[in-house]
Amino acid sequence: MPAQDEYIVEILRDVGLISHEDILKAKERVKAEGVGLVDALVAQGRISHMDVSKALASQFNMDTINLAEYRVPEEVLALVPKHVARRYKVVPISKHDNTLTVAISDPLDVDTVDSLRYILRMNVEAVVAAKNDIENSITRYYGSADDTVENMLQEITEGEVDFGLPTNKAAQQKLDDIAETDADAPIIKLVGLVIMEAYRNRASDIHIEPLEKRLRVRYRIDGVLQEVDNPPKRLQAAIISRLKIMSNMSIAEKRVPQDGRIQIPVMGRTLDLRVSCLPTNHGESIVMRILDKTSLLLGLGDLGFFSDDQETMTKIINMPDGVFLVTGPTGSGKTTTLYGCLNEINKPDRKIITVEDPVEYQLTGINQVQVNADINLTFAAALRSILRQAPNIIMIGEIRDLETANIAVQAALTGHLVFSTLHTNDAPSAVTRIVDMGVKPFLVASAVKAIMAQRLIRKVCPKCRVPYMPTDYEMQVLKLNPDEMKNATLVRGNGCNECSRTGYRGRMGIYEIFSVDDEVRRLIYEKVPSNVIRARARELGMRTLREDGVRKIMAGITTPEEVISITAGDEG
């Protein structure tokens with residue numbers, strides 16, 4: 001019998017709620033059914049959960065509350081995310097100044113209150129409520145939690161599960177067959193829930209990382225990694241094997257990196273995931289990129305272009321020929337922008353061919369080529385062949401080497417419109433990057449028509465946005481004009497349940513668009529440094545990434561803090 005049950009039973013007997021005979025009968029039920037002593041007393045009808053709560057509360061001079069007769073305000077519910085409420089089995093009641101009152105069922109559990117103070121960053125006081133009332137209230141306010149990773153982990157941890165990991169191809173096929181017929185197997189269900197919860201939380205990536213003593217699971221939400229409930233280390237091999245089977249990788253091979261794809265039904269739609277497996281010191285690390293096909297339907301305005309930039313972009317993507325480059329680091333949304341551009345110009349009278357590694361989305365009406373180095377189908381080899389297909393528009397996933405760059409430039413000079421990406425920090429330096437690859441400056445000057453750098457910034461959560469006055473430091477760094485701010489709408493997120501208390505929900509782009517004119521062509525031909533080209537671009541009216549970010553701050557879309565952090569390298 002747990003010591004805590006003994007303590008509670010002693011209190012109940014001292015206050016006269018139960019007798020010695022009641023306890024003896026309850027102990028018989030404990031032996032027969034394996035339930036706790038307090039639960040056995042409740043089942044016998046001798047006491048109620050509320051009786052237990054009141055008895056405990058009196059011992060600790062705490063107040064009690066009847067949750068069945070209480071309605072929690074929406075603004076108070078928003079202070080405690082649903083995963084916190086479920087994990088700690090608490091219900092928020094009210095807030096006064098910086099103190100939040102929560103209902104708990106066990107006054108002895110001081111660790112819960114301390115944890116809540118740390119997580120919520122506010123003072124927390126507790127009142128006592130019946131255990132079943134708390135469970136019912138969590139379901140009423142936050143929804144059912146039958147199928148959650150946390151519950152699944154608890155189920156697996158409390159039970160003994162034989163995973164029977166395969167070690168060869170025959171065993172792999174056997175496990176795959178089992179997986180198809182036994183969808184309720186614990187590991188299969190757990191992996192499915194990890195993916196489903198990532199999708200529910202709008203994650204773009206799922207990271208499963210073996211560490212020395214634990215297996216860490218993180219979701220990248222709005223560009224920021226957030227750690228979630230971690231499975232026990234002993235499940236590591238089973239989880240990794242399941243994911244490798246789902247993505248058609250060899251589970252027998254653990255020494256070399258592998259890539260694959262997963263298609264899985266989630267919440268009434270088919271989710272597409274790109275999977276990368278990398279051997280590390282403590283096991284194989286898995287990263288799954290969730291490919292959201294809804295981004296293909298986004299117009300230029302939805303991507304974050306204001307009306308003037310949208311007009312400029314429309315002119316660029318409707319050029320008859322030339323090279324248009326999109327630059328930025330990995331994860332800055334370059335591919336999404338190019339797909340958005342192709343979607344705008346995908347018409348029956350135009351033939352569009354893409355060369356990608358990998359093909360992330362299937363686009364209707366567009367010919368897409370998957371690069372495959374194993375059969376020598378490289379970017380350059382594919383480009384040489386597709387030029388004989390007489391396309392109007394070509395998209396190259398990335399210009400990585402001199403041969404690909406030369407063919408792209410030649411294609412532009414022979415009447416094709418070429419879209420591609422490049423890894424540079426700003427738009428003007430893309431010119432010098434291609435020249436440094438070895439392409440002749442006069443060819444670059446003739447072929448490149450426009451370059452755009454971009455980054456992704458988080459948007460303020462619409463549910464908890466409040467007015468905000470920037471600090472002196474933010475005013476100085478962003479060069480904010482006090483006169484202009486009179487008509488601006490500066491906001492920040494206060495943090496709520498919708499945004500997991502981050503204050504941000506969703507992302508959009510900030511852009512630096514650079515159109516090449518005759519003077520810039522002369523500078524390219526003369527191989528001048530990129531800072532000289534940048535100065536000319538500024539004279540032509542190019543806004544820097546930071547300046548475009550400031551416009552979005554003034555429009556109440558994002559915050560000064562976000563723009564400063566994303567554009568830290570922008571001298572403009």
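Everything numeric here is computed off the predicted structure, so don't read it as measured data.
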Query raised in the report: At their closest point, which heavy atom of Ala103 faces which heavy atom of Ile134, and how far apart are they?
Result: O-CD1, 3.7 Å

**Report entry** Residue pair Ile394 / Thr354, side-chain heavy-atom distance below 4.5 Å
**Finding:** no

Requested in this report: Using only heavy-atom distances, determine whether the side chains of Glu512 and Gln454 contain a donor-acceptor pair under 3.5 Å.
Outcome: no

Query raised in the report: Does the Lys233 side chain pair with the main chain of Leu211, one donor and one acceptor, at a distance under 3.5 Å?
Result: yes

Requested in this report: Please say whether the positively charged group of Arg121, taken as NZ for Lys or CZ for Arg, lies over the ring of Tyr118, i.e. under 6.0 angstrom from the six-membered ring centre and within 45 degrees of the axis.
Outcome: yes

Report task. Please indicate whether Lys552 has more than 12 foreign heavy atoms, meaning atoms of other residues, nucleotides or ligands, lying under 6.0 Å from its NZ. Result -> yes

Query raised in the report: Given the rule in the side chain to side chain contact (heavy atoms under 4.5 Å, CB included) test, do Glu212 and Asn281 qualify, once you have shown the distances and angles that lead to the verdict?
Result: CA-CA 8 Å; Glu212 183 178 3; Asn281 282 347; over 6 Å; no

Report task. For Leu456, enumerate each residue passing the side chain to side chain contact (heavy atoms under 4.5 Å, CB included) test, keeping only those at least two apart in sequence or located in another chain. Result -> Arg507

Report task. Flag the pair Ile290 / Asp205 as yes when at least one side-chain heavy-atom distance between them is below 4.5 Å, and no otherwise. Result -> no

Query - Closest approach of Met249 to Asp259 (non-hydrogen atoms, all atoms of both residues) - result: CE-C, 3.7 Å

Query - Test item: Tyr199 and Leu271 side chains (from C-beta on) under 4.5 Å apart, heavy atoms - result: yes

Query raised in the report: Sub-3.5 Å donor-acceptor pair from the side chain of Lys334 to the main-chain atoms of Gly328, do we have one?
Result: yes

Requested in this report: Please tell me if the side chains of Leu116 and Val90 come closer than 4.5 Å, counting only heavy atoms from C-beta onward.
Outcome: yes

**Report entry** Short N-O contact, Arg214 and Glu227, less than 4.0 angstrom
**Finding:** yes

Query - Nearest heavy-atom neighbours spanning Arg505 and Cys499 - result: CB-CB, 4.4 Å

Query - Ser565 side chain to Glu562 backbone, donor-acceptor under 3.5 Å - result: yes

Query - Verdict with supporting geometry, Asp114 and Arg117, side chain to side chain contact (heavy atoms under 4.5 Å, CB included) - result: CA-CA 5 Å; Asp114 289 340; Arg117 287 183 183 130; 3.1 Å; yes

Report summary line: d(Leu377 CG, Asn372 CG) to nearest 0.5 Å is 6.5 Å

Requested in this report: Test salt bridge (Lys or Arg N to Asp or Glu O under 4.0 Å) on Arg218 and Glu209 and set out the steps.
Outcome: CA-CA 8 Å; Arg218 295 190 288 177; Glu209 303 159 311; 2.8 Å; yes

Query raised in the report: Counting heavy atoms not belonging to Glu561, are there more than 12 under 6.0 Å from its CD?
Result: no

Requested in this report: Rounded to the nearest 0.5 Å, what's the gap from CG on Leu303 to CE on Met508? Could you check?
Outcome: 8.5 Å

Report task. Show your working on salt bridge (Lys or Arg N to Asp or Glu O under 4.0 Å) between Arg400 and Asp357 and close with a plain yes or no. Result -> CA-CA 11 Å; Arg400 300 177 179 174; Asp357 183 22; 3.5 Å; yes

Report task. Check for a donor-acceptor pair, side chain of Asn346 on one end and backbone N or O of Leu342 on the other, with a separation under 3.5 Å. Result -> no

**Report entry** Exam field: side chain Lys463 to backbone Gly503, donor-acceptor pair closer than 3.5 Å
**Finding:** no

Query raised in the report: Just by distance, do the side chain of Arg546 and the backbone of Thr567 share a donor-acceptor pair under 3.5 Å?
Result: yes

Report task. Measure the shortest side-chain to side-chain distance between Gln389 and Asn367 over non-hydrogen atoms and say whether it is less than 4.5 angstrom. Result -> no

Requested in this report: Provide the closest heavy-atom pair for Cys464 versus Gly495 in the form atom of the first, atom of the second, distance.
Outcome: SG-N, 3.2 Å

Report task. State whether the side chain of Lys244 and the backbone N or O of Ser250 hold a donor-acceptor pair below 3.5 Å, judged by distance alone. Result -> yes

**Report entry** Student check: side-chain heavy atoms of Lys213 and His282 closer than 4.5 Å
**Finding:** no

Report task. Quickly, which of Thr559, Thr558, Asp222 forms a side-chain hydrogen bond (donor to acceptor under 3.5 Å, both in side chains) with Tyr504? Name it, please. Result -> Thr559

Query - Nearest atoms (heavy-atom pairs only) where Met437 meets Asp401 - result: SD-O, 4.0 Å

Report task. Scan for salt bridge (Lys or Arg N to Asp or Glu O under 4.0 Å) pairs involving residues 376-386, sequence neighbours excluded, and state none if there are none. Result -> Arg384-Glu403

Query raised in the report: Under 6.0 Å from the CG atom of Asn494, do we count more than 12 heavy atoms belonging to anything else shown?
Result: yes

Requested in this report: Start with the C-alpha distance between Leu325 and Ile434, add both sets of side-chain angles, then the distance that settles side chain to side chain contact (heavy atoms under 4.5 Å, CB included), and finish with yes or no.
Outcome: CA-CA 11 Å; Leu325 296 171; Ile434 295 179; 3.4 Å; yes

Query raised in the report: CZ of Arg458 to OG1 of Thr502: how many Å apart, nearest 0.5 Å?
Result: 6.5 Å

Requested in this report: Could you tell me whether a side-chain N or O of Tyr219 sits under 3.5 Å from a main-chain N or O of Val194, the two making a donor and an acceptor?
Outcome: yes

Query raised in the report: Hey, is the main chain of Ile396 close enough, under 3.5 Å, to the side chain of Ser420 for a donor-acceptor pair?
Result: yes

Query - salt_bridge(Arg433, Asp436) N-O dist < 4.0 Å - result: no

Requested in this report: Find out whether Ile286 and Ile240 are in side-chain contact, i.e. whether some heavy atom of one side chain is under 4.5 Å from a heavy atom of the other.
Outcome: yes

Query raised in the report: Rounded to the nearest 0.5 Å, what separation is found between the CG atom of Leu273 and the CD1 atom of Ile206?
Result: 6.0 Å

Requested in this report: Kindly determine whether Val371 and Val355 satisfy side chain to side chain contact (heavy atoms under 4.5 Å, CB included), including the steps that lead there.
Outcome: CA-CA 7 Å; Val371 169; Val355 185; 3.7 Å; yes

Query raised in the report: Where do Glu356 and Gln368 land on the side-chain hydrogen bond (donor to acceptor under 3.5 Å, both in side chains) test, with the steps shown first?
Result: CA-CA 7 Å; Glu356 304 169 67; Gln368 295 174 272; 3.0 Å; yes

Query raised in the report: With sequence neighbours left out, what residues match Tyr511 under ring-ring contact (aromatic ring centres under 6.0 Å, His included)?
Result: Phe305

Requested in this report: State, with a plain yes or no, whether a side-chain heavy atom of Arg220 is found less than 4.5 Å away from one of Ser204.
Outcome: yes

Query raised in the report: How many angstroms lie between atom CD1 of Ile399 and atom OG1 of Thr421, to the nearest 0.5 angstrom?
Result: 7.5 Å

Query raised in the report: Measuring from Arg200:CZ to Leu193:CG, what's the distance to the nearest 0.5 Å?
Result: 7.5 Å

Query - Non-hydrogen atoms of Ile93 and Val102 that approach each other most closely - result: CG1-C, 4.1 Å

Query raised in the report: Can any side-chain N or O of Asn343 pair as donor or acceptor with the backbone N or O of Tyr339 at less than 3.5 Å?
Result: no

